[in-house]
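Heads up: the structure comes next, in structure tokens.
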Amino acid sequence: MNTYPAVIKWSGSKRTVATQLAEKFVPSDVYYEPFVGGGSMMPFARASKGVAGDIIPELIDLWLSIKNNPREVASEYESRWLDLQKNGADVYYLIRDHFNETRDCHDFLFLTRTCVNGMIRYNEKGDFNNSFHLSRPGINPDTLKRIVYQWSGLLQKFEFLNADYRECLSTVKPGDFVFLDPPYGGTKSRYMQTEFVLEDFYKELDRLNTIGAKWMLTFDGSAGDRIYSYAPPVDVYKQRYQIHTGNSAFSRLMDNKRDVIRESVYLNYEPAQTQLDLF
Ligand SMILES: C[S@@+](CC[C@H](N)C(=O)[O-])C[C@H]1O[C@@H](n2cnc3c(N)ncnc32)[C@H](O)[C@@H]1O
């Protein structure tokens with residue numbers, strides 16, 4: 001059972017369906033999560049060692065700071081938060097400018113906690129460009145401090161890599177388990193300008209099959225009347241089922257619609273108990 005409140009709020013997070021997904025997790029030697037984002041699946045890893053990666057450097061810096069310097073993370077947040085309560089929205093924009101110059105991970109945590117709808121958004125230059133969420137003061141520093149320390153304990157068994165997913169997965173061995181939550185096809189600008197090439201990703205799934213590692217992939221799916229049809233080739237996976245992941249914050253922000261997101265889950269193994277809603 002996951003008792004970890006989010007420490008890094010991440011748009012596209014699997015937080016609301018984490019327990020549902022974790023039911024099909026299997027024990028492994030090493031747990032890999034190469035698209036870690038806000039890390040909602042990490043507390044469910046059934047391994048004594050984990051490897052987590054992401055392409056965004058400030059995100060990995062932040063994960064490492066939470067792991068190694070929880071006290072500093074909490075106090076850096078507190079000082080920014082107190083400044084914001086005293087001096088208002090200007091503080092947010094000064095911190096955003098500073099972040100865009102330095103990529104300071106403490107600025108990054110503060111921004112994710114105080115920006116509009118918690119959306120991590122970069123412009124074409126790669127600068128963080130979301131605005132201040134006027135009606136939200138940001139999480140209370142004492143509450144955040146407790147959460148940071150709780151996560152710091154969990155993260156001790158994790159190694160973090162700021163790398164492309166293929167580099168992160170280069171050490172996978174038979175008996176390891178990989179949870180894959182890549183960006184949706186066609187939404188590359190949401191995180192970064194880096195293009196996510198599906199053919200390369202499918203090759204990597206194939207490589208993991210050859211090694212004899214087990215993987216779960218959340219991918220594709222539909223939001224309202226749009227279908228993200230980027231299903232992997234049928235011969236790379238063994239099972240496919242759908243879960244409801246709730247409403248899309250992104251759609252809400254962009255066109256004020258409340259799309260219901262359905263997401264496909266693919267497994268390259270047969271889970272122990274099968275109460276799956278298969279196609
Ligand atoms: C859908 S999010 C993961 C959300 C995460 N499961 C959670 O619950 O918070 C996808 C992540 O993949 C990262 N990403 C995008 N392209 C990548 C790549 N080529 N290699 C590694 N990470 C990548 C993004 O920065 C983003 O954090």
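Just follow the structure's listing: the first ligand is 1, and inside any ligand the first atom is 1.
Here is the list of ligand 1 atoms found below 4.0 Å of a heavy atom in G38: 7 (C), 9 (O). Within the listing of ligand 1, atoms 7 (C), 8 (O) sit less than 4.0 angstrom from a heavy atom of K14. Short contacts between ligand 1 and P34, defined as distances under 4.0 Å to a heavy atom of the residue, involve ligand atoms 21 (C), 22 (N). Close approach to D164 involves these atoms of ligand 1, each under 4.0 Å from a residue heavy atom: 18 (C), 19 (N), 20 (N). Near P183, meaning under 4.0 Å from any of its heavy atoms, are these atoms of ligand 1: 15 (C), 16 (N). Close contacts of ligand 1 with S13, meaning ligand atoms under 4.0 Å from a residue heavy atom, involve 7 (C), 8 (O), 9 (O).
Not a single heavy atom of G53 sits less than 4.0 Å from an atom of ligand 1. For the ligand labelled ligand 1, residue V36 lies inside the 4.0 Å heavy-atom shell. Residue contact check for ligand 1: A163 places a non-hydrogen atom closer than 4.0 Å to it.
Proximity annotation for atom 21 (C) of ligand 1: of Y165, F179, F201, Y165 comes nearest, heavy atoms only. Taking each of A52, S40, G37 in turn, the one with a heavy atom nearest to atom 7 (C) of ligand 1 proves to be S40. Between D54, V197, L21, I60, it is D54 that holds the heavy atom closest to atom 11 (C) of ligand 1.
In this structure, Y165 and P182 have side chains that are not in contact, with every pair of non-hydrogen atoms separated by 4.5 Å or more. Contact check for R166 versus K203: no side-chain heavy atoms found under the 4.5 Å cut-off. For the pair N117 and R136, the minimum side-chain heavy-atom distance is below 4.5 Å.
With a heavy-atom cut-off of 4.0 Å, I56 touches ligand 1 through its side chain alone. Counting heavy atoms closer than 4.0 Å to ligand 1, residue C168 contributes nothing at all. Only the side chain of W10 comes within 4.0 Å of ligand 1, judged by heavy-atom distances.
In this structure, Y4 has its ring center under 6.0 Å from that of W151.
A salt bridge links R80 and D107; the closest N-O separation between the charged side-chain nitrogens and carboxylate oxygens is under 4.0 Å. Residues R103 and D61 are not paired through a salt bridge, judged by the lack of any N-O separation under 4.0 Å between the basic side chain and the carboxylate.
Side-chain contact annotation: E33 with Y31, donor-acceptor N/O pair under 3.5 Å present.
Residues satisfying the ring-ring contact (aromatic ring centres under 6.0 Å, His included) test with F108, not counting sequence neighbours, are F99.
Listed by first then second residue, pairs satisfying side-chain hydrogen bond (donor to acceptor under 3.5 Å, both in side chains) with a partner in residues 208-217 read N209-W215, N209-N268, not counting sequence neighbours.
Heavy atoms from other residues, nucleotides or ligands lying under 6.0 Å from CZ of R207 number more than 12.
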